[in-house]
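This is a predicted model, so every value here is computed, not measured. Numbers here simply count residues along the sequence, with the first being 1. One-based numbering, in listed order, for ligands and for the atoms of each. Below, all heavy atoms of this structure are taken into account, side chains as well, without hydrogens, waters or symmetry copies.
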Amino acid sequence: MDQEEIKLELMKFHPELNHCMHCHLCYAADWHRIDDWVPVCPTAARFGFEAFYSSGRIELARALIEETLQEASPRLLEILYTCTGCSACVEQCHQYSGLKIDQVDLFETVKAYCVSKGWGPLPKHLEFAQSITKNHNPYHEPPEDRSAWLSSEVPSEAPIVYFVGCTSSYRRQEIAQATVKVLKAAEAPFTILGSNEWCCGSPIIRTGQLDGIRDLISHNIEAIEALGAERVIFSCAGCYRAFKKDYPKFGFSLPFKIQHTTQYFLNLIRNKKLNLKPLSKAVTYHDPCHLGRHTRIYKQPRKVLKKLQVDLQEMPRTSKESFCCGAGGGVRAAYPEFAKWAATNRLNEALELNPKVLASACPFCKNNFVEAFKDFKGVSLEISDISELLAEGLNE
Ligand code: SF4
Ligand code: SF4
C-alpha cells in the first residue's frame, strides 16, 4: 500500500476520534464480575501514563491526522509500538462508550502511516521483515528447513492443508508434531506446504510494514490451491487471524474454508474419529488474543479440553477479558522485557489456581510463556498447547 492509500485509510477514523470520553474504562476488566479493579490493557498497567492507554493512542492518532504532530519522536514510536494489539480495550470500550471504531485497526493503520512517512518501524521489526522477504519466515531460518520437524511422509496433494506457521515450524515444533500426530490418528486426509509455505504476513501487518503484503498473500493462496485444498487448518492463532481477517481486508477472497485446529479437532472428536483417554489433571486455559477477541473462538478450545476430562479452571481474566501474553504486535521483538513482564503477570494469575497445566492454542503465546517461566525457580507448571494435550490423550 502506498502513502496516499494509507493516509486515506487513516482519515476514515477521524470523525469518530472525538467520541473517546477519556473515561479509562478500557483499562480494566469488568469490575462487577471480578469485584476488583484489574487491568486488561498491558501497556496501561505497565507504563501508567495515559499516552499508553487506548485513549492516549487515540489522541496521538488524531494529532497525526490533523498534522498538529508532524514528526514522530522516539517516545511516540515507543507508545505506538508497545501496544500489543490485544484488543482488550476494544472489548471494554464498546460495552460502555459510543465509540464506533476498532482501536486495533486504528493503531495498526497509524503504524502503517508512520512506516509510510519513514518514521517507523523499529529496527527489530525491520530485521524480521527483511527475513520474511529473504527466508519467508521472521526468524532468519533457512526456508528449506521449514519441515525439519516432520518425521513421516505426507501426500503431495490432499483436501486438507495444515498451515504450520513460522513459530511451530522453527520455535515450537512440538506443536506441529502433536498436530500431525492427532491428524494421523484420525486418518485425516491432510498435507502440508513444506518450504512452499511462506509467513502468513502477520508480523509485518501488525507493525505496519505493508510493502509486498499482497505478493505474500497471493503466494500463500496460490500454493494452497495448487495442493487441491478444500480446507486449511491452523495451529497458530496469528496465522488464522491473518487469513480470516487481514487477507480479505487486502482484497483477497479465500477459495477454501479455514479453521483453527481447535475447531477442527472438536469436529474430529464429535465424529468419533479420535479414541481418547481421560487426562484428569487441573488445567487453566489462556485465550490467545488472535483466537479469542480477534476471531471470537472461545468455546471450542474449552470443549476440546472438556472432552479430555481435565479439571478446567478459569482465571479471573478469561475469554473476552483475557490478559495478553505480551508477545503480539511486534512487542516481543522490540520490547522483550515488557513482553516478559506481561507473560509473568499472566503466569502469576494462572499459578493462583495451582493448576498442573497452563494450556493455550497459539505457539506464539506458548513461546512467550515458556521463556518467562524460566525465571520461576522451584515452581511446577506444564505449559502446553491444546494440540499437545490432545496428542497426550490419544488412546494408542
Ligand atoms: S473506554 Fe473508550 S471512550 Fe473510554 S477512554 Fe477508553 S477508548 Fe476512550
Ligand atoms: S490493544 Fe491492548 S495493549 Fe493496545 S491499547 Fe488496547 S488494550 Fe492496550
Side-chain angles (χ1 to χ4, degrees), residues 13-32 37-64 76-112 114 120 122 202 205-208 237-238 241 245-246 286-295 317-335 337-343 345-346 362 364-365 368:
F13 292 98
H14 190 239
E16 270 294 308
L17 300 185
N18 278 333
H19 296 164
C20 171
M21 306 176 291
H22 295 261
C23 60
H24 298 169
L25 295 176
C26 49
Y27 163 79
D30 181 350
W31 60 93
H32 296 297
W37 189 252
V38 185
V40 283
C41 170
T43 55
R46 177 70 173 132
F47 301 105
F49 298 109
E50 192 186 2
F52 289 88
Y53 286 50
S54 193
S55 52
R57 295 188 174 102
I58 287 172
E59 289 306 322
L60 286 178
R62 185 155 55 143
L64 287 168
L76 184 141
L77 292 177
E78 183 190 4
I79 291 162
L80 285 177
Y81 280 104
T82 46
C83 172
T84 62
C86 71
S87 200
C89 56
V90 180
E91 210 62 59
Q92 298 307 313
C93 172
H94 288 193
Q95 287 185 60
Y96 306 116
S97 82
L99 204 64
K100 292 190 184 68
I101 53 163
D102 182 309
Q103 286 97 316
V104 174
D105 280 350
L106 169 67
F107 304 152
E108 287 181 359
T109 310
V110 173
K111 288 177 191 170
C114 287
L122 301 176
S202 177
I205 296 168
R206 307 290 158 241
T207 50
R241 174 187 169 198
K245 304 271 290 279
D246 297 293
H286 165 80
D287 292 271
C289 305
H290 290 308
L291 194 64
R293 285 185 286 262
H294 284 295
T295 55
R317 292 176 295 185
T318 184
S319 303
K320 62 186 172 66
E321 294 180 320
S322 174
F323 190 68
C324 177
C325 77
V331 168
R332 190 173 148 73
Y335 299 102
E337 283 308 311
F338 168 50
K340 190 186 201 179
W341 173 87
N345 185 301
R346 187 61 162 163
C362 177
F364 210 50
C365 294
N368 204 34

Report task. Any atoms of ligand 2 less than 4.0 Å from a non-hydrogen atom of Ser87? List them with their elements. Result -> 1 (S), 2 (Fe)
Report task. Without swapping roles, check the side chain of Glu108 against the backbone of Thr207 for a donor-acceptor pair under 3.5 Å. Result -> no
**Report entry** ligand 1 versus Gln92: contacting region, heavy-atom distance under 4.0 Å
**Finding:** neither
Report summary line: In ligand 2, the atoms that come under 4.0 Å of a heavy atom of Gly85 are 1 (S)
Query raised in the report: Among all protein non-hydrogen atoms, which one is nearest to atom 6 (Fe) of ligand 2, and what is the separation to 0.1 Å?
Result: Cys89 SG, 2.3 Å
Report summary line: of all protein heavy atoms, closest to atom 8 (Fe) of ligand 2 is Cys41 SG, 2.4 Å
Report summary line: Protein N/O/S atoms closer than 2.8 Å to atom 4 (Fe) of ligand 1, ordered by chain and number, come to Cys23 SG
Query raised in the report: Are any side-chain N or O atoms of Arg62 and backbone N or O atoms of His14, one a donor and one an acceptor, separated by less than 3.5 Å?
Result: no
**Report entry** Sidechain-backbone polar pair: Asp287 side chain, Thr318 backbone, donor-acceptor under 3.5 Å
**Finding:** no
**Report entry** salt bridge (charged side-chain N to carboxylate O under 4.0 Å, His left out) contacts in which one or both residues fall within residues 40-54, not counting sequence neighbours
**Finding:** none
Query - Heavy-atom gap Arg57 to ligand 2 smaller than 4.0 Å - result: yes
**Report entry** Shortest non-hydrogen contact between Arg317 and Pro39, atoms and distance
**Finding:** NH1-O, 2.8 Å
Report task. Could you list the atoms of ligand 1 found under 4.0 angstrom from a heavy atom of Gln103? Result -> 7 (S)
Query raised in the report: Numbering the atoms of ligand 2 from 1, which are under 4.0 Å from a heavy atom of Thr43?
Result: 3 (S), 8 (Fe)
Query - Whether Cys83 has an N, O or S atom under 2.8 Å from atom 2 (Fe) of ligand 2 - result: no
Query raised in the report: Does Arg241 use its side chain to pair, donor to acceptor, with the backbone of His290 at less than 3.5 Å?
Result: no
Query raised in the report: Do Thr82 side-chain atoms and Ile79 backbone N/O form a donor-acceptor pair below 3.5 Å?
Result: yes
**Report entry** Nearest neighbour in protein (non-hydrogen) for atom 2 (Fe) of ligand 2
**Finding:** Cys86 SG, 2.3 Å
Query raised in the report: Taking His294 for the side chain and Pro288 for the main chain, is one N or O donor matched with an acceptor at less than 3.5 Å?
Result: no
Requested in this report: Heavy atoms only: give me the nearest Leu99-Glu16 pair and the separation to one decimal.
Outcome: CD1-O, 3.3 Å
Requested in this report: State whether Asp246 and Arg206 are salt-bridged, where the test is any N-O pair (Lys NZ or Arg NE/NH1/NH2 against Asp/Glu carboxylate O) under 4.0 Å.
Outcome: yes
Query raised in the report: Of all heavy-atom pairs between Ser322 and Arg346, which one has the smallest distance, and what is that distance?
Result: OG-NH2, 3.1 Å
Query raised in the report: Are Pro42 and ligand 2 in contact, using a heavy-atom cut-off of under 4.0 Å?
Result: yes
